Amino acid sequence: MEGLERIDPWRLRVPRRDPMRVEPWIYADERIRVEEDSVRQLQDAAAVEGVWRVLATPDIHVGYGVPVGSVVATSGCVLPSAVGYDINCGMRLLATPLARREVDVERLARDLRREVPLGEGKANVRVSPGGLEAILDRGVAGLSEAAGADHAAWRERDPREEAADRECMEDGGSMAGDHRQVSPRGRERGAAQLATLGGGNHFIEFQEVEAVLDTAVAGRFGLAAGQLLVMMHTGSRGLGHQVGTDYMGLASGGARGADRRLGVLSLDCPEGRSYVGAMNAAANFAFANRQLLTVLVRAVLRRHLGRDLPVPLVYDVPHNMAKRERHEGREVWVHRKGATRAWPARLMAGTRFADCGQPVLIPGSMGTASYILVGTEASAESLHSVNHGAGRVMSRSQAAGGRHGRRRRRGAGEGRPAAISDEAFREAMRGVLLLAGDRAAVKEEAPQAYKDIDAVVHVVCEAGLARAVARLRPVAVLKG
DNA sequence: ATGTGC
């Protein structure tokens with residue numbers, strides 16, 4: 001793209017000019033498409049008060065104010081639009097001890113579909129107001145206090161298993177949340193939404209380990225070729241969305257640059273500290289959501305494959321979150337929006353990953369491979385961050401030809417790339433069982449609407465930010 | 001992403 005300067009085969013520079021305060025860079029090679037509008041968003045983010053670093057991963061694409069696939073570090077303030085609406089949207093991977101070929105995956109997937117509401121606006125587990133407060137304040141650690149929900153996802157929890165699970169979650173599945181900073185409307189939206197999947201790119205997928213790329217680390221993560229895994233991708237649902245809406249609105253009042261969406265909240269003011277409490281509360285809700293979905297997944301696996309089947313959690317990683325971290329000797333707020341923390345062994349001291357580094361879970365698009373990576377010391381240059389997925393190349397309406405393909409516009413719509421045909425979609429999904437909550441909407445997530453995950457992962461590995469541990473192949477996918 | 005938009 002014009003205006004970008006190539007640093008080396010894996011890095012592009014966005015030259016600094018007024019009013020930018022810092023110079024962003026992008027991890028991308030010649031195969032990675034970088035939209036002009038997403039570069040403009042990086043330039044705008046680089047002009048925000050208090051900004052210290054701006055960088056983008058190869059899955060970069062346009063987001064609300066700040067691109068998805070970006071890392072923005074600030075000092076003294078937070079930037080809610082650099083976290084986005086789906087606070088603590090993240091990935092979780094469960095391992096089974098079984099080979100995919102010895103399991104009837106289709107039966108499992110169809111059974112799980114009956115347990116998990118798919119799509120937007122769905123409800124499942126309802127908790128009391130006090131129970132919700134415990135979850136918002138302590139995440140997975142608050143689940144045992146939030147007793148009383150009459151639901152299988154609650155009754156079938158195993159406290160010992162849950163304690164072991166917490167050792168395999170970023171921040172132990174528990175941030176310093178403050179339920180009082182979540183608006184009543186946000187709490188209402190979340191009250192009955194635990195153990196739901198949501199829509200868009202969220203999924204639960206049965207996968208097979210197709211290739212082990214680092215035998216030693218894969219062994220440490222409990223992964224071996226041919227193994228059946230369950231991966232999930234979901235976040236904080238309507239509750240997190242409401243937190244994002246409330247605080248982006250609050251921050252926009254003080255926005256100084258061209259884009260009103262890029263308002264910051266100073267941590268010297270109550271509003272900034274409130275956002276941190278509310279964001280952490282929403283993050284806790286998302287951790288609890290993935291935990292209760294895990295209970296349902298385990299219940300289905302055990303019903304079919306044996307009551308005592310071990311189904312350990314490999315790891316749980318957020319990819320939309322702001323966290324206070326120490327980088328290059330200073331305390332900064334690292335906002336990862338569609339970017340995943342990738343800590344090397346040294347930074348995992350005191351955890352069960354102290355000898356190998358943090359598992360990094362990278363989904364491809366629907367119907368394509370996913371990857372397990374591990375962080376490296378060299379990822380310090382990206383503030384220990386990698387991509388979060390493949391990244392869009394087509395908007396939703398573009399992929400489906402209008403909202404769910406129903407609206408086919410003439411005139412203004414002419415000249416834009418053609419929508420994905422039903423035949424091309426079927427071909428791309430060949431060999432993968434697709435169970436979709438909304439048959440029309442699912443085409444918005446077609447593989448063709450996304451970048452090539454192999455190319456994206458290639459860049460972060462070649463740039464030295466992570467090492468590839470395993471490549472996973474989808475077998476059956478549940479979508480919203 | 002989202003009880004989905006002018």
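Note that the coordinates shown come from a computational prediction; the quantities given were computed from them, not determined experimentally. A, B, ... follow the sequence lines: proteins, then strands. Residue 1 opens every chain.
The CG-P distance, from A/Asp86 to B/dT4, rounds to 16 Å in whole Å. In this structure, the CG atom of A/Asp438 is 12 Å from the C1' atom of B/dT4, given to the nearest Å. Going from atom CD of A/Gln193 over to atom C1' of B/dT2 covers 9 Å, rounded to whole Å. Taking atom CZ on A/Arg396 and atom P on B/dT2, their separation rounds to 8 Å, with Å as the unit. At whole-Å resolution of the value, NE2 in A/His241 and C1' in B/dT4 are 8 Å apart. Between the CG atom of A/Asn88 and the C1' atom of B/dT2 there is a distance of 16 Å, rounded to whole Å. Here the P atom of nucleotide B/dT4 and the NE2 atom of A/His202 are 17 Å apart, to the nearest Å. The CD atom of A/Glu188 sits 18 Å away from the P atom of B/dT2 (whole-angstrom rounding).
In this structure, the side chains of A/Val83 and A/His335 come closer than 4.5 Å at one or more pairs of heavy atoms.
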Exercise. Let me see the working for A/His319 and A/His233 under ring pair (Phe, Tyr, Trp, His ring centres under 6.0 Å), right down to the final yes or no.
Key: CA-CA 10 Å; A/His319 55 226; A/His233 181 192; 5.0 Å; yes
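At a threshold of 4.0 angstrom between heavy atoms, the contacts of A/Gly84 with the nucleic acid are absent. Here A/Gly200 lies in heavy-atom contact (under 4.0 Å) with sugar-phosphate atoms only. When heavy atoms are screened at a 4.0 angstrom cut-off, A/Gly244 is found touching no nucleic acid atom at all.
Remark: the A/Glu120 side chain and the B/dT2 base include no donor-acceptor N/O pair separated by less than 3.5 Å.
A salt bridge links A/Arg110 with A/Glu106: at least one charged nitrogen is closer than 4.0 Å to a carboxylate oxygen.
In this structure, A/Arg237 is not positioned above the aromatic face of A/Phe285 in the sense of NZ or CZ being under 6.0 Å from the six-membered ring centre and within 45° of the axis.
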